[in-house]
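The structure under discussion appears below in the form of C-alpha cells.
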Protein chains: 2
Amino acid sequence: MAYKTDIEIAREASKLPIQEIGAKLGIGTDDLLPFGHDKAKVSQSFIDSVQDRKDGKLVLVTAINPTPAGEGKTTTTVGLGDGLNRIGKNACVCIREASLGPNFGMKGGAAGGGYAQIVPMEDMNLHFTGDFHAITSAHSLLSAMIDNHIYWGNDLEIDVRRVVWRRVVDMNDRALRQITASLGGVANGFPREAGFDITVASEVMAILCLARNLSDLQERLGNMIVAYRRDRTPVYCRDIKADGAMTVLLKDAMQPNLVQTLENNPAFVHGGPFANIAHGCNSVMATTTALKLADFVVTEAGFGADLGAEKFLNIKCRKAGLAPDCVVLVATVRAMKMNGGIAKADLGAENVDAVNAGCPNLGRHISNLKSFGVPVVVAINHFVTDTDAEVQAVKDYVAAQGSEAIVSQHWEFGSKGSEALATRVAEIAESGASQFAPLYGDEMPLFEKIETVAKRIYRADEVLADQKIRDQLRLWEEQGYGNLPVCMAKTQYSFSTDPNLRGAPTGHSVPVREVRLSAGAGFVVVVCGEIMTMPGLPRVPSAENIHLNEAGQIEGLF
Amino acid sequence: MAYKTDIEIAREASKLPIQEIGAKLGIGTDDLLPFGHDKAKVSQSFIDSVQDRKDGKLVLVTAINPTPAGEGKTTTTVGLGDGLNRIGKNACVCIREASLGPNFGMKGGAAGGGYAQIVPMEDMNLHFTGDFHAITSAHSLLSAMIDNHIYWGNDLEIDVRRVVWRRVVDMNDRALRQITASLGGVANGFPREAGFDITVASEVMAILCLARNLSDLQERLGNMIVAYRRDRTPVYCRDIKADGAMTVLLKDAMQPNLVQTLENNPAFVHGGPFANIAHGCNSVMATTTALKLADFVVTEAGFGADLGAEKFLNIKCRKAGLAPDCVVLVATVRAMKMNGGIAKADLGAENVDAVNAGCPNLGRHISNLKSFGVPVVVAINHFVTDTDAEVQAVKDYVAAQGSEAIVSQHWEFGSKGSEALATRVAEIAESGASQFAPLYGDEMPLFEKIETVAKRIYRADEVLADQKIRDQLRLWEEQGYGNLPVCMAKTQYSFSTDPNLRGAPTGHSVPVREVRLSAGAGFVVVVCGEIMTMPGLPRVPSAENIHLNEAGQIEGLF
C-alpha cells in the first residue's frame, strides 16, 4: 500500500474559513485579524476581555530522547487535539512557529504528519504572519541604537569590547557569525568585533514567548543586558531607550496566530524560541489565551522530556503560573529499537529484544516526569511497520513502571486513530490527579539548581564547573538574579552530554562550559556542550531546488 | 484657526471594511487576501483573470524640485484620486510603500496630508503587509548562498574580492556599511570585505517593482550580477541557483496591497524603490492591475519631475508599456518663493516678486514634460497662507507658457477642494491628446542616453566622465546591455548637480562619478553625486520616544 506524503495530504485538506475556526473558540469575526483566508491573529482587546474566565485543562506532550527514527511528537500533539475534539471535548492545539532560514538549507517541516497536521503548511514554513520578521526588526533596531549611541559620544560609557548584544538575521548565514563592524572611517563609527545569530536565538524571541502582556513585554525588553562598562556594570536595553519602540514593532507579533488542523479544529501556532539557549515552547500568550477559550489545550515542548519538558515545567509553567493536568510521553517502537542499539537501516525487521533493551530510556522519562507531580500517559505513536509483539513489549514495560501506554494511530487515521488516547487523557486531566510543583524553588542558589536538574533529571553523579563559572553565578546572585531558573543547553540525544550515549546512562558528569544571563527573558543559560546559534547551509542547499511550478504551487520546500 | 495634525485626522477616519473597498474595483471577497480588516492583497488568479480588459486612463503626478517648504505631491495624488471619484469617475490611487527603518531615525511620514490621506497610517509606517520583509529575506538568501558557494569549494570561481552583492537590512545601521565577514576560522569561510545597504536600495526591490508577473520576476532575479571572476566575467544569481527560492519568498509580496483614502476610495500602496539608484515608482503590478479595474489611475513618481517623472517615463513606462494620458505638475506658492530666493523663515509674508522670480523652475518642468508628448496641468497645492495675488502670479506665469494652473484645496477640504482639478484632468485624459514617447530609443548608445537626459532635461552644457567610465559603458554595450535605459542618481534639489542651485540654472556640467549595472532590474545607474545607500540614525533617534500609550495607540511615530 502506498501512503501519501505529508504535503500531498496537506494540499488535499478542505480548510474552513478561519472565521469558522475562530467561532469554535467563541472568537467573533471582528476580533480575528485575518491574514489571508486561513490564518488570523486574535485581537488584544478580545484577549483582555476573557481574562476572568476559568482555565481549561492543560496537556503537555513530550517525548523520549529523539533518534533518527523520529518520535512524532508534534504529530501526536495534533492527533491528540483532534481526538479530544472527536470525543466531544472542545480542544485547541498550541505549537511553535517554524524558522524561515533553515528551510533553505534542509527541506522544511510539516506541522505534524500524515492525517494529523496543521495547515496551511507552506505559509507556516515561509513568512506566516510575519512574527519572526517583527522580532528581527525589533532586535535590529536595538542593535543599530547601541552602535548609534556609541557613535554620538557614548554617554553611557559602554566598553565597545564588551557589547554582548549580537545582531540577528532569519537565514543560515555562516559568513556573519563573526565580523568586524563599523569599518570605513569616521562616518561609520568605532570598529569593533560583532556577529549575527539566527533570529530564533534572539533573547527577544524568548521574551515574546514568556511575556504575559504588552507591558510585561516592554518591561522584559528593557531588562535585557546589551553591554558592560569598563567597571563591568551592565548597560540595559532600557538605558538605550529602545524598549518602547521595540514594543511597538512587536505589538502585532504578540497576538497568537490561529490556524486549523486537517480536521478543522483550532490550533494556535505562535512563537519559536530555541530549545537549547532558550526554553523551547510556544508563547505564554497563546497557551494562556487558549486555556480561556477551550476545555482542553494540548501543547508540546522542544526536544526530549529531559530538556523540553524540564524547561516547560521549570521555566514556562513557573513564570506563567501554569500547571499541566496530564503529560503525554510519546515513544515509538522504532525509537525504542534504536535506543536498544539497532541501526536505522535495520529497523524494518521485528526485534522484540531490542525494544526491551531500549525501554529504559522511556522508563527514566516516566520516572522523571512523575517527580514533578504530574500524571503520565505513554503514547505509542504507531508506525504501520510495528508488529503486535513489539507494541506489546512497550506496553508491558510501561505497565511494570506503574504507568500505562496507549497505541495511537492518528498518523494513519486521524482522530479515529487517537480516540483511545484522547479518552484516557481526558479522564486523567479531569480527575484532578495532578499535583504539579517545579523541581526547585526560586530561592535555591543557581549552582544548586544546575545540580538538581543534572542529578534528578539527567541522573548524573556530578556537575563540573570552573571556579570562574561558579564566581560568575555568585556575582549574579549578588546582583539579584539568584531567583531565576536555569535554562540547560545540552545535547537532546542523550540524558548525558554525550550524544552517542542512548538508553538510560548513569555515572556520568555534566561539565558546564559557560553560563549566560538572559536578564530580560528571566533565566540563566547553562551551556553544557557546543551550541550553534547561527547555522550554515549545506553543500547543496534545498533552496537550489525550491521554485514555483506552472500551477503556482511551491515545489522543493518539502 | 487651529488645524488638526495628519495623525489626528487619520485616527478619526471612518474606514470601511477592505472588502467594501475591493468591491468598488469589482474584486470579490475570495480574491482579496485580507491583512486585518483594513488591508488586503489582490489574488494572483484575479489579476490573471482581468488581463484582457481595456486599460483605464493613467495620470502621473509629479512636482517641481522639492524645497524645504514642501510641495505636497502625495497629498495632491490622493486629493486628485478622491476628486475624480467625487465627479463620478471610478478612480484608484497608486503610491509607494514606506521603508520601516528610517521611521526610527526621523519621525515617520503620512501617506498624504490633511484631508487627503491614505490609511491605516500606522501600519503603513511599520510592517504593513510584510512586503519589505519578504524582500529582505529574498535578498539575504542570495547573500548567504553566495558565501556558501564559496565556502564549499567555489566551483563558479568567484573572485572573493569582486563580490558586488551587498547584504541588506531594513534599519538605519551605519555600523554595517562596511564590515569584514567570515572571520573566526575555517568553519566560517573565507574572510572578505562586505557591507549592508538598507532594504529599499536592494536591486530585488527595483525588480519587484518592474516585474510584470512571477515568471518575469524570476527571470529578472536570475539576471542579477552578484560577482565577477578573475577574468571579469560576471557571475549571475542564476548561477547560484537562488532565483527560484527567491521567487517563492516574493510570491505574496508581488501582489498589490489595497487600502483606502480618508474618503473610502481605493488605493494601491505597493513597492518602494529608491528614487536615486532605482526608478522610484510604485510597482508595475499595482499600476497595471489598477488600470484594469478603474477608469482612472492616479500615480506619482519620486522627487521632482527632472528625476522622478523622467524615470517614470523613460524606465517604468518603457518597460511596462504604459503611457500617461495626463501629467499633473504640483507646485506651491511657498516653493515658488523659495525658488525665488526667499528663506523658509520668511515664507509667511506675501511676496509676489519672489513668486515670479521662482516660476522659471516650474516653467522648465512644464517644457520638459511636454517634450515627452504628454499634456501637462499645473496643480497649485493650496496653503491657507497663500494670498490671491501670489496664486494669480503662478497662474499667469503658467498661462504664458501655454499651459494652465488650477488651485486645489484637497488638504483643507478633501475632494470638495480638488473637484476643479479633477474635472480638468479628466477632460484632458479623455481627450486622447497624449502622444507619449520616451525621450530616447533603446538603441541609442549608453553615453548618448546620459547626454540626452543631461542636456534636454537638466539643460546642462555637457556631461563629464573619465575614460574609465566611458570604457565601462562600452564594455556593457559589447556584452549586450547597450539597450538598457539609464537611471540617473543626482540631487533632487536642483536641475544641476549642485543642490543649492535652485530655479532654472543653465551653463552647468553633469559630472558622472560612477556607473553601475543593474542587470536584473534592467538599467544602468549613473551616479552624479553622493549616494547614501545605508542611512545612519541621528543623535536622538525618534525611536527613543516611540511607545504604546495606555490606550494601546502608538505615540512618537509621527
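What's counted below: heavy atoms across the whole structure, side chains too, no hydrogens, waters or symmetry copies. In the text below, chain A, chain B and the rest are named by the order of the sequence lines, each starting its count at 1.
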Can you tell which of A:N545, A:D30, A:T129 has the highest number of heavy-atom pairs within less than 4.5 Å of chain B?
A:D30
Using atom types as modelled and distance alone, determine if a side-chain donor or acceptor of A:N103 lies under 3.5 Å from a backbone N or O of A:N125.
yes
When the 4.5 angstrom heavy-atom criterion is applied to A:I150 and chain B, the contacting part is neither
Of the backbone (N, CA, C, O) and the side chain (C-beta and beyond), which part of A:F190 lies under 4.5 Å from a heavy atom of chain B, both, or neither?
neither
Best-contacting candidate, A:A194, A:A181, A:G153, against chain B by heavy atom pairs under 4.5 angstrom:
A:A181
Judged by atom type as modelled, is there a donor-acceptor pair below 3.5 Å linking the side chain of B:N188 to the main-chain atoms of B:S182?
no
Heavy-atom pairs under 4.5 Å with chain A - which of B:G36, B:S215, B:G184, B:G244 has more of them than the others?
B:G36
Looking at A:L557, A:I179, A:L33, which makes the most heavy-atom pairs under 4.5 Å with chain B?
A:I179
So for B:M534, is it side chain, backbone, both, or neither that comes closer than 4.5 Å to the heavy atoms of chain A?
neither
Taking A:V235's backbone N and O only, do any of them form a donor-acceptor pair with A:D239's side chain (distance below 3.5 Å, no angle check)?
no
Which one, B:M171, B:K251, B:R539, leads in non-hydrogen pairs under 4.5 Å with chain A?
B:R539
Please classify the contact between B:L548 and chain A as side chain, backbone, both or neither, with a heavy-atom cut-off of under 4.5 Å.
both
Let me know if A:A187 has heavy atoms under 4.5 Å from chain B in its side chain, its backbone, both or neither.
both
Per-residue tally against chain B (heavy atom, under 4.5 Å) across A:E555, A:R177, A:E193, A:H547 peaks at A:R177
Could you tell me the separation between the OG atom of A:S202 and the CZ atom of A:F196, rounded to the nearest 0.5 Å?
12.5 Å
Side chain / backbone / both / neither for B:A134 at chain A, heavy atoms under 4.5 Å
both
Go through A:G130, A:P538, A:S43 and name the one with the most non-hydrogen pairs under 4.5 angstrom from chain B.
A:P538
Determine the interplanar angle of the A:H127 and A:H133 rings, folded into 0 to 90°, and report it as parallel if under 30°, tilted if 30 to 60°, perpendicular if over 60°.
tilted
With chain B, the option among A:S137, A:G552, A:G185 that has the most non-hydrogen atom pairs under 4.5 Å is A:S137
Proximity breakdown for B:L537 and chain A, heavy-atom pairs closer than 4.5 Å
both
Contacting moiety of A:P17, where chain B heavy atoms sit under 4.5 Å
neither
Side chain, backbone, both or neither: which part of B:P191 has a non-hydrogen atom closer than 4.5 Å to chain A?
neither
Does B:H37 use its side chain to pair, donor to acceptor, with the backbone of A:L32 at less than 3.5 Å?
yes
Pick whichever of B:P34, B:G189, B:A245 has the most heavy-atom pairs under 4.5 Å with chain A.
B:P34
Does any N or O in the side chain of A:H149 come within less than 3.5 Å of the main-chain N or O of A:L156, such that one atom is a donor and the other an acceptor?
yes
Is it true that, when you exclude B:Q553 itself, more than 12 heavy atoms of the residues, nucleotides or ligands shown sit nearer than 6.0 Å to its CD?
yes
I need the residue from B:T247, B:L176, B:L126 with the largest number of non-hydrogen atom pairs under 4.5 Å to chain A.
B:L176
Please classify the contact between A:N148 and chain B as side chain, backbone, both or neither, with a heavy-atom cut-off of under 4.5 Å.
both
Sort B:R167 into side chain, backbone, both or neither according to what part of it lies under 4.5 angstrom from a heavy atom of chain A.
side chain
Inspect the surroundings of CD in A:E550 and state if more than 12 heavy atoms from other residues, nucleotides or ligands are less than 6.0 Å away.
no
Which atoms of B:K41 come close to chain A, meaning under 4.5 Å heavy atom to heavy atom: side chain ones, backbone ones, both, or neither?
neither
Between the side chain of A:Q218 and the main-chain N/O of A:L214, is any donor-acceptor distance below 3.5 Å?
no
Could you tell me the separation between the CG atom of A:L100 and the CG atom of B:L249, rounded to the nearest 0.5 Å?
5.5 Å
Backbone N or O of A:R192 within a donor-acceptor pair of the A:R161 side chain at under 3.5 Å?
no
So B:F132 and B:V200, do their side chains get closer than 4.5 Å, heavy atoms only?
yes
